[in-house]
Structures are given as C-alpha cells and as structure tokens.
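The structure under discussion appears below in the form of structure tokens.
Throughout, numbering of the chain's residues begins at 1 and tracks the sequence.
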Amino acid sequence: RGVLDLYISDHPLECEGCPADSHCELQDMAAEVGITETSYGPNREMHRPCPQDTSNPYFAFNPELCIVCSRCVRACDEVQGTFALTIQSRGFDSKVSASQDEPFMESECVSCGACVESCPTGAIIEKSIIALGQPDQATKTTCAYCGVGCTFKAETQGEGADVEVIRMAPDRDGHANHGHACIKGRFAYGYTTHQDRVTKPMIRKSIKDPWREVSWDEAIGYAAGELKRIQAQYGKYSVGGITSSRCTNEETFLVQKLVRAAFGNNNVDTCARVCHSPTGYGLKHTLGESAGTQEFDSVMKSDVIMVIGANPTDGHPVFASQMKRRLRQGAKLIIIDPRQIALVRAPHIEADYHLQLKPGTNVALMNSIAHVVVTEGLAHGDYITDRCESESWEKWKAFVADPKNSPEAMEAVTGVPAMAVRGAARLYGSAPNGAIYYGLGVTEHSQGTTMVMAIANLAIATRYLGRVGVGVNPLRGQNNVEG
C-alpha cells in the first residue's frame with residue numbers, strides 16, 4: 001500500500017481520457033487496496049509536464065504516465081535482448097530513456113513491442129489504441145509471417161464488414177512465443193484494411209480486360225467452367241493446384257482432393273517443395289521422419305548451438321530472442337555462413353566460431369567436421385550401435401575418416417582455416433547438449449538434400465537426438481511448411 005501511494009503521488013488516478021483506462025494494472029491494484037488518491041498532499045513535486053515521444057510509427061511514450069517500474073527495460077534486455085532502453089539518472093530524476101536519451105525511432109529499438117506488452121500503465125501504448133480506443137473483442141490466431149508460428153490475439157472493434165483490427169497482442173500462453181512478438185507480427189497488419197485489398201470476387205476474360213465485380217455464385221461458376229474448358233481443349237493434365245505453406249493442413253487436403261477427384265490428375269503441390277523437400281527427403285532417409293526433432297523451447301537446454309545458413313534475428317526474430325537469452329546464460333555458438341549475420345557479434349553475445357565458407361561448399365565443410373568427430377573419438381559407438389544399421393554406419397565412418405575429407409584437405413575447397421574447423425568440431429562434439437539450427441542457406445541449394453543428410457548423420461554420431469536441448473532443427477519460411 002505504501003509503494004502504491006508513492007506511485008500515485010506522481011501518477012494520479014485521473015483515468016478518464018487515459019487510453020489505458022480500465023486496462024491499467026496500477027488502476028486495478030489501487031482499487032484492490034482501496035486507494036483513490038495519494039496521501040502526500042497537493043503541493044508535492046511531480047514529473048509534469050513532460051513532452052511525449054511519438055517518433056515511433058507504431059507506439060507512443062508518455063513520460064507523465066510512467067511510474068519508472070523498469071518493466072520495459074527488463075523486457076527489452078531479458079526478453080528481446082536488444083538493450084535499447086535504460087533508466088537514466090537516479091532518485092526523483094530517474095526516467096526511462098531510449099539509448100542515450102534519444103527518441104525511440106533514433107535509438108537501437110527494433111519495434112518488437114516488448115515494452116508495450118510489459119507496461120502496466122499505458123505510458124508506452126499503441127497509437128492505434130490512442131486513436132481508436134480499446135478493442136471490444138479478441139480472436140486467437142497464428143502469425144503467418146515466418147516459421148515460428150507465434151500465437152496472437154487479434155483485438156478488434158465492430159461487427160461483420162465493419163470490423164477493424166485495433167491491435168495484434170501476442171498471446172502469453174503461446175507455446176512458440178510466450179507473449180513475445182516481432183515488428184511484423186505485432187504491427188504489420190495494415191493489409192487487413194488496406195484500400196488495395198480485394199474483398200469481393202472479380203473476374204475478367206482476358207488479362208487485357210479490366211476486373212469486374214461479380215457475385216460469388218458467378219465467380220465460382222466461371223472458374224469451374226474455364227477449368228473444364230481448358231481440360232476439354234488441352235487434356236486432363238493441363239490444370240493443377242498449388243497451395244501456400246500459410247494454409248492449414250485441412251485447406252491443403254481439400255485442394256489435393258479437388259485436383260485428384262475433380263480434375264482427375266495428380267498435379268498438386270505446395271510451395272514447401274522449394275524450401276522443405278530437401279529436409280523432407282534428407283531426414284526421412286536418415287532419421288525416419290521428415291520433421292524437425294525439437295520444439296523451440298528446447299534451445300533453452302542447449303550447451304552448444306550451431307546455426308547453418310540462417311539469419312534468425314532477421315528471419316525468425318522471436319526464436320532468435322529466445323536463442324540469445326540462452327547464449328547470454330553461457331551457451332556456446334558456432335555460425336556456419338558466408339555472411340556476417342547479426343548473431344556473430346551482438347550485445348552480450350559473440351560467436352565462438354564463425355566459419356565463413358565459400359558458397360557451394362556446405363557438404364565439404366560438414367564432412368570435415370564429421371572427420372574430426374570420428375577420428376578424435378567424439379562419436380558415441382554404443383548410442384550408434386543401438387540405433388543405426390551397422391553396415392551403413394561403418395561405411396559412413398570410413399568415408400568421413402578418409403584423409404581427403406580432413407579439415408586440412410578441405411581448407412582449399414571451403415576457404416575455412418583447418419584449425420577453426422577442428423575447434424568448432426571439438427566444441428560441438430564434446431558438449432553435453434548440442435543443437436543444430438539451419439535455414440534456407442542449406443535447403444534452397446543444389447546440394448540441399450545431401451547437406452541435410454550430412455547434418456543428420458553428424459547429430460546421430462554425436463548422440464544429439466532424442467532429448468531436450470539437442471536435435472536437428474530446420475527454420476522454416478512460413479508458419480505451416482512442415483505441416
């Protein structure tokens with residue numbers, strides 16, 4: 001009660017007109033303990049007036065509503081890992097500051113919204129709520145921007161055709177994101193009400209003709225008629241269907257049923273063919289299943305993390321935040337990538353090894369790592385004997401142990417110093433828990449399938465399968481690639 005009284009002395013409960021009214025933790029806690037006004041009197045010193053920071057296009061910061069609880073600072077540090085916020089000065093002069101007392105937009109802030117999610121008073125709040133008010137309903141959904149598959153609550157106002165998205169709030173019970181989000185998932189939803197969005201069916205008979213709005217019955221009938229006409233003219237194999245990896249399994253199932261049952265052919269596919277088929281084939285023929293082996297939370301038990309051909313901070317930001325959290329706790333990091341991605345050196349993070357291989361030498365480098373594992377006794381024979389075909393294991397072991405696959409022999413091919421390869425292999429092979437995460441730099445490649453099989457073989461040899469903290473983990477491009 002005493003602490004709340006101090007807070008309210010600088011943040012009076014003048015809630016009418018506040019964008020966070022009825023959605024304010026300070027307001028709720030004050031009501032819980034029965035405080036309606038401060039006991040410190042009308043002549044107390046206050047942090048008013050203070051200029052607002054509206055530089056960020058998605059949210060505003062009003063220092064007058066801030067109680068300097070440090071939640072936003074901790075969220076930026078501990079959840080997001082950007083370290084863009086700090087508490088500047090001390091005592092009564094303490095205030096939340098972006099970088100070196102800069103506007104949010106000029107600071108290191110990446111607009112992930114972790115500060116917005118953590119603020120208990122509305123001092124940092126979405127501009128959409130300031131302009132439109134609080135939402136009156138919420139619908140749980142899955143973000144489709146990348147392969148993490150974050151759970152969100154789409155908070156809206158209105159009904160039917162007049163519904164409007166007020167904000168996208170990350171679900172704190174989401175298994176993939178645990179209440180965190182990135183700039184795209186949290187704020188890039190303007191397409192839902194954009195003037196260019198097509199909301200009614202349209203047809204045209206030629207690409208030179210303008211689009212014409214029609215009823216659903218006419219559009220469906222026209223599409224079906226044209227498909228039948230094309231098949232009659234060019235044969236039943238002249239049409240097919242392809243689905244997006246943002247579709248659900250049920251939607252994709254219906255499309256293949258349409259193609260096979262109605263079109264009478266097997267011309268059906270999904271865009272996952274481009275990015276996932278090397279993983280599907282490679283893992284199926286090594287591990288027996290075409291799926292990644294771990295859930296995202298598994299990384300929090302990893303001791304050594306190997307990232308191959310992926311840039312998680314850009315491509316999978318929410319998972320990257322979780323990975324960085326584990327790295328700050330002491331996990332080691334090996335990056336295999338021609339690029340100097342952000343994870344090579346970030347706040348409180350530095351890769352132990354960055355193997356900058358020449359493009360196109362993925363398999364050669366992986367074989368040289370496997371060479372070190374096998375020839376230096378880092379492979380686990382009992383684990384392998386219990387799980388693998390002995391003839392295949394002996395054949396693979398002999399192949400990678402050949403001197404022509406040694407780091408020294410492969411240095412001229414890959415461009416990676418032999419000692420760096422040996423050091424990375426020893427670090428990975430001797431860890432209690434080693435995990436590999438790879439992206440499109442592995443799979444969208446002429447040797448993608450072979451590389452996936454090389455990754456799986458390395459994980460088997462080092463017994464990094466079948467428990468939390470290990471595994472072979474593809475980072476997908478969309479939310480239902482694996483499905």
[Y]/[X] salt bridge by N-O under 4.0 Å criterion:
X: Lys332; Y: Asp303; value: no
X: Glu25; Y: Arg71; value: yes
X: Lys95; Y: Asp101; value: yes
X: Glu482; Y: Arg476; value: yes
X: Arg186; Y: Glu126; value: yes

Apply side-chain contact (heavy atoms from CB on, under 4.5 Å) to residues Ile341 and Thr313 and explain how you reach the verdict. CA-CA 8 Å; Ile341 62 174; Thr313 53; 5.8 Å; no
Value rounded to 0.5 Å, distance of [atom1] in [X] from [atom2] in [Y]:
X: Tyr189; Y: Ser128; atom1: OH; atom2: OG; value: 3.5 Å
X: Arg167; Y: Ile129; atom1: CZ; atom2: CD1; value: 4.5 Å
X: Leu465; Y: Tyr383; atom1: CG; atom2: OH; value: 4.5 Å
X: Leu13; Y: Ile8; atom1: CG; atom2: CD1; value: 4.0 Å
X: Gln88; Y: Ser97; atom1: CD; atom2: OG; value: 4.5 Å
X: Ile334; Y: His354; atom1: CD1; atom2: NE2; value: 12.0 Å

Please report the shortest heavy-atom distance between [X] and [Y], naming the atom on each side.
X: Gly315; Y: Cys146; value: O-CB, 3.4 Å
X: Gln134; Y: Pro19; value: NE2-O, 2.8 Å
X: Asn311; Y: Ala342; value: OD1-N, 4.2 Å
X: Cys72; Y: Leu85; value: O-CD1, 3.7 Å
X: Leu283; Y: Gly292; value: CD1-N, 4.3 Å
X: Gly241; Y: Val259; value: N-CG2, 3.7 Å

Would you indicate whether the side-chain heavy atoms of [Y] and [X] approach each other to under 4.5 Å?
X: Ile183; Y: Tyr58; result: yes
X: Ser118; Y: Arg74; result: no
X: Ile67; Y: His11; result: yes
X: Leu458; Y: Tyr428; result: yes
X: Arg325; Y: Glu78; result: no
X: Thr156; Y: Pro135; result: no
X: Met323; Y: Leu343; result: yes
X: Cys143; Y: Lys184; result: no

What do the steps show when you test His175 against Thr151 for side-chain contact (heavy atoms from CB on, under 4.5 Å), and what is the final call? CA-CA 8 Å; His175 291 181; Thr151 306; over 6 Å; no
Can a side-chain donor-acceptor contact be found between Gln356 and Asp337 if the only test is distance below 3.5 angstrom? no
No-hydrogen, no-angle side-chain donor-acceptor test under 3.5 Å, Ser39 and Asp5: yes
Stepwise side-chain hydrogen bond (donor to acceptor under 3.5 Å, both in side chains) test for Asn177 and Gln322: CA-CA 9 Å; Asn177 57 321; Gln322 191 173 26; over 6 Å; no
Please check if the side chain of [X] supplies one atom and the backbone of [Y] the other of a donor-acceptor pair under 3.5 Å.
X: Gln294; Y: Arg467; answer: yes
X: Arg328; Y: Ile349; answer: no
X: Arg197; Y: Thr192; answer: yes
X: Glu155; Y: Ala138; answer: no
X: His23; Y: Asp21; answer: yes
X: Asp297; Y: Val468; answer: no
X: His194; Y: Asp196; answer: yes
X: Ser55; Y: Phe104; answer: yes
X: Tyr145; Y: Ala188; answer: yes
X: Ser107; Y: Glu102; answer: no

Assess the residue pair Val307 and Ile436 against the criterion (side-chain contact (heavy atoms from CB on, under 4.5 Å)); give the C-alpha distance rounded to whole Å, side-chain angles, the decisive distance to 0.1 Å, and a yes or no. CA-CA 6 Å; Val307 178; Ile436 297 177; over 6 Å; no
Is there a side-chain contact (heavy atoms from CB on, under 4.5 Å) between Leu132 and Glu164? Walk through the geometry before answering. CA-CA 10 Å; Leu132 302 171; Glu164 184 168 13; 3.8 Å; yes
Any chance [atom1] of [X] has more than 12 other-residue heavy atoms, nucleotides or ligands included, within less than 6.0 Å?
X: Glu37; atom1: CD; answer: no
X: Glu159; atom1: CD; answer: no
X: Arg339; atom1: CZ; answer: yes

Assess the residue pair Thr82 and Glu108 against the criterion (side-chain hydrogen bond (donor to acceptor under 3.5 Å, both in side chains)); give the C-alpha distance rounded to whole Å, side-chain angles, the decisive distance to 0.1 Å, and a yes or no. CA-CA 7 Å; Thr82 298; Glu108 290 124 331; over 6 Å; no
Do you know which of Thr248, Asn249, Thr270 makes side chain to side chain donor-acceptor pair (under 3.5 Å) with Asn480?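 Result for side chain to side chain donor-acceptor pair (under 3.5 Å) with Asn480: Asn249.
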Where does the angle between the aromatic ring planes of Phe83 and His348 fall among parallel (under 30°), tilted (30 to 60°) and perpendicular (over 60°)?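 Aromatic pair Phe83/His348 classed tilted.
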Hey, can you tell me if Phe296 and Phe319 have their rings parallel, tilted or perpendicular (30° and 60° cut-offs)?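 Rings of Phe296 and Phe319: tilted, as their planes differ by 30° to 60°.
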What's the verdict on side-chain hydrogen bond (donor to acceptor under 3.5 Å, both in side chains) for Ser321 and Gln80, showing C-alpha distance, side-chain angles and the deciding distance? CA-CA 5 Å; Ser321 296; Gln80 170 59 23; 3.0 Å; yes
Decide yes or no on side-chain hydrogen bond (donor to acceptor under 3.5 Å, both in side chains) for Ser302 and Asn433, but give the supporting numbers first. CA-CA 5 Å; Ser302 299; Asn433 287 331; over 6 Å; no
